[in-house]
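Accompanying notes for the structure given below.
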2 protein chains.
Amino acid sequence: MSASHIPEDVHDRCAHCVGRRLSVCSSIDDCDLAILANESSRMTVADGRSFIEEGAPANDFFVVTGGRVKLFTLLPDGRRQITGFAEGGDFLGLAASTSYAFGAEALGGATLCRFPHAGMQRLTERFPSLEHRLREEASRELALMQARMTLLGRKTARERVATFLIERCQHLEKPDLSHPVELDLPMPRTDIADYLGLTIETVSRILSAFKKEKLISIRSITHITLLMPERISTIAEGME
Amino acid sequence: MSASHIPEDVHDRCAHCVGRRLSVCSSIDDCDLAILANESSRMTVADGRSFIEEGAPANDFFVVTGGRVKLFTLLPDGRRQITGFAEGGDFLGLAASTSYAFGAEALGGATLCRFPHAGMQRLTERFPSLEHRLREEASRELALMQARMTLLGRKTARERVATFLIERCQHLEKPDLSHPVELDLPMPRTDIADYLGLTIETVSRILSAFKKEKLISIRSITHITLLMPERISTIAEGME
DNA sequence: CCATCACCTTGACCTGAATCAAGTCTGGTA
DNA sequence: TACCAGACTTGATTCAGGTCAAGGTGATGG
């Protein structure tokens, strides 16, 4: 598909994409959107389907344009560490030299925009600010991972679950911990456990404990209200 | 200090630096070394002295030109997670947006080359390949962290210590696991423990166990020989 | 040559989270 | 309305690794 055939459509595809607002694509001017669109292609991934294989040759970058995905690494015996959840606007594929350092699969269905490395290179040559934006993105990710290593290496189970809840808050449009917060947890407990380096039973127990302590209320499995967000934040920092 | 005053010295400073061979500085041509030198300054840090404060405004990048440093994050009550060790040629400071996401201190004395962000920006504008090199560096680091999260979240103490030993091997000039390997562990047990998310006692016990199993021999506290590197590597991957 | 101090090792015991094992809840089907 | 399957919760028990408490070791200085 070449930009010269259907320039309007192609332009629009990028113009109305969440990546345009949130992701690396924001470093491209409006008038150059067709070039951007021409180097990328859309794809959808069904719930639970994998689209990045850990260790496979890294040929593409991805922008999540809809839905959610989980990123993970595996040990040979099947133990799994989820290294992150990504949603609309998030950029994937920087954690790779020649091969991907992580696997990725859709969490309840996702749409993605795929940028082959070759095309991305053409884009960075043409738009140097894009390369800078990619570095910024990598830096942001590195800073997040720094905190996550502290979580996995040094926090208690209680602190980990509290941190997870606070992290979810900060993904909302208007994070505000001074009032109760309604949260949607679209991932199953298994994923939360593998993200926090715990077992599903421990996650469940601690959520129940938080409920008993009136820190949260559990409206349904996926729908939780933080009744005392600031107290949970205190627990998350290990200061309770 | 301006390059025009003592161009020869300044040029030489970069020409003979390990960063020139190993680090981001390799993306600059010989003839432009004076420009590079002019944007950077040397510094030495004594054993145990801190030179990056977690949360402080991030104003500089650093290249380790000699010795070693440790990078870490802290919890309010003093729990510490060492997120990495850096040595000659390693680049520091990418894991930061406006403020550093980690602290850093010298491990037995270190020399560094400091690049203020403003100067680095002048360099990346003049040498676009440097910006690309920085992104590569960030990607390499991200891939490493991915593996480290799996270690902290999912590996047993035995697997962690084995992984640490294998990692140290891979820092040698000629990594080769088919024969016994002599290793130097310049960091105290406390640092190894904080790197692996364990206690000093557990690290000590597991090294003793490895010794009893004839997997390693402990010649002195800092000097260890891996007698069966491949078996240790197998343990590290969780496949024993 | 001994004292000191910091760091490391070892042992005994404890505990937080894992494991093992029932339940329970929910949404989908008939 | 009852049944079923999959996901979650809860309880009982175990165990890996932490904590507490002695020792050991080796580099430095008197």
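Quick note on labels: first sequence line is chain A, next is B, and so on, each numbered from 1. These values consider heavy atoms only, across backbone and side chains, with no hydrogens, waters or symmetry-generated copies.
For Arg205(B) against dG11(C), a side-chain N or O and a base N or O form a donor-acceptor pair under 3.5 Å. Counting distance only, with no hydrogens placed and no angle test, the side-chain atoms of Arg189(B) and the base atoms of dT10(C) include no donor-acceptor pair under 3.5 Å.
With dG18(D), dC8(D), dT9(C) as the choices, the nucleotide that has an atom nearest any side-chain atom of Ile200(B) turns out to be dT9(C). In the set dT9(D), dC8(C), dA17(C), the nucleotide with an atom closest to the side chain of Ser204(A) is dT9(D).
The 5' end of DNA chain C is approached more closely, in terms of each residue's nearest nucleotide, by Lys212(B) than by the other of Lys212(B) and Arg158(A).
With sequence neighbours left out, the ring pair (Phe, Tyr, Trp, His ring centres under 6.0 Å) criterion links Phe91(B) to Phe61(B).
Defined by atom type and a distance below 3.5 Å, a donor-acceptor pair is missing between the side-chain atoms of Gln81(A) and Thr73(A).
At a threshold of 4.0 angstrom between heavy atoms, the contacts of Ser208(B) are confined to the sugar-phosphate backbone, with no base atom among them. Heavy atoms of Leu207(B) sit nowhere under 4.0 angstrom from any nucleic acid atom. Note on Ser220(B): nothing from the nucleic acid sits closer than 4.0 angstrom, heavy atoms only.
A donor-acceptor pair under 3.5 Å is absent between the side-chain atoms of Lys214(B) and the main chain of Leu227(B), judged by distance alone.
Taking the six-membered ring for Trp and the full ring otherwise, the centers of Tyr195(B) and Phe72(B) sit at least 6.0 Å from each other.
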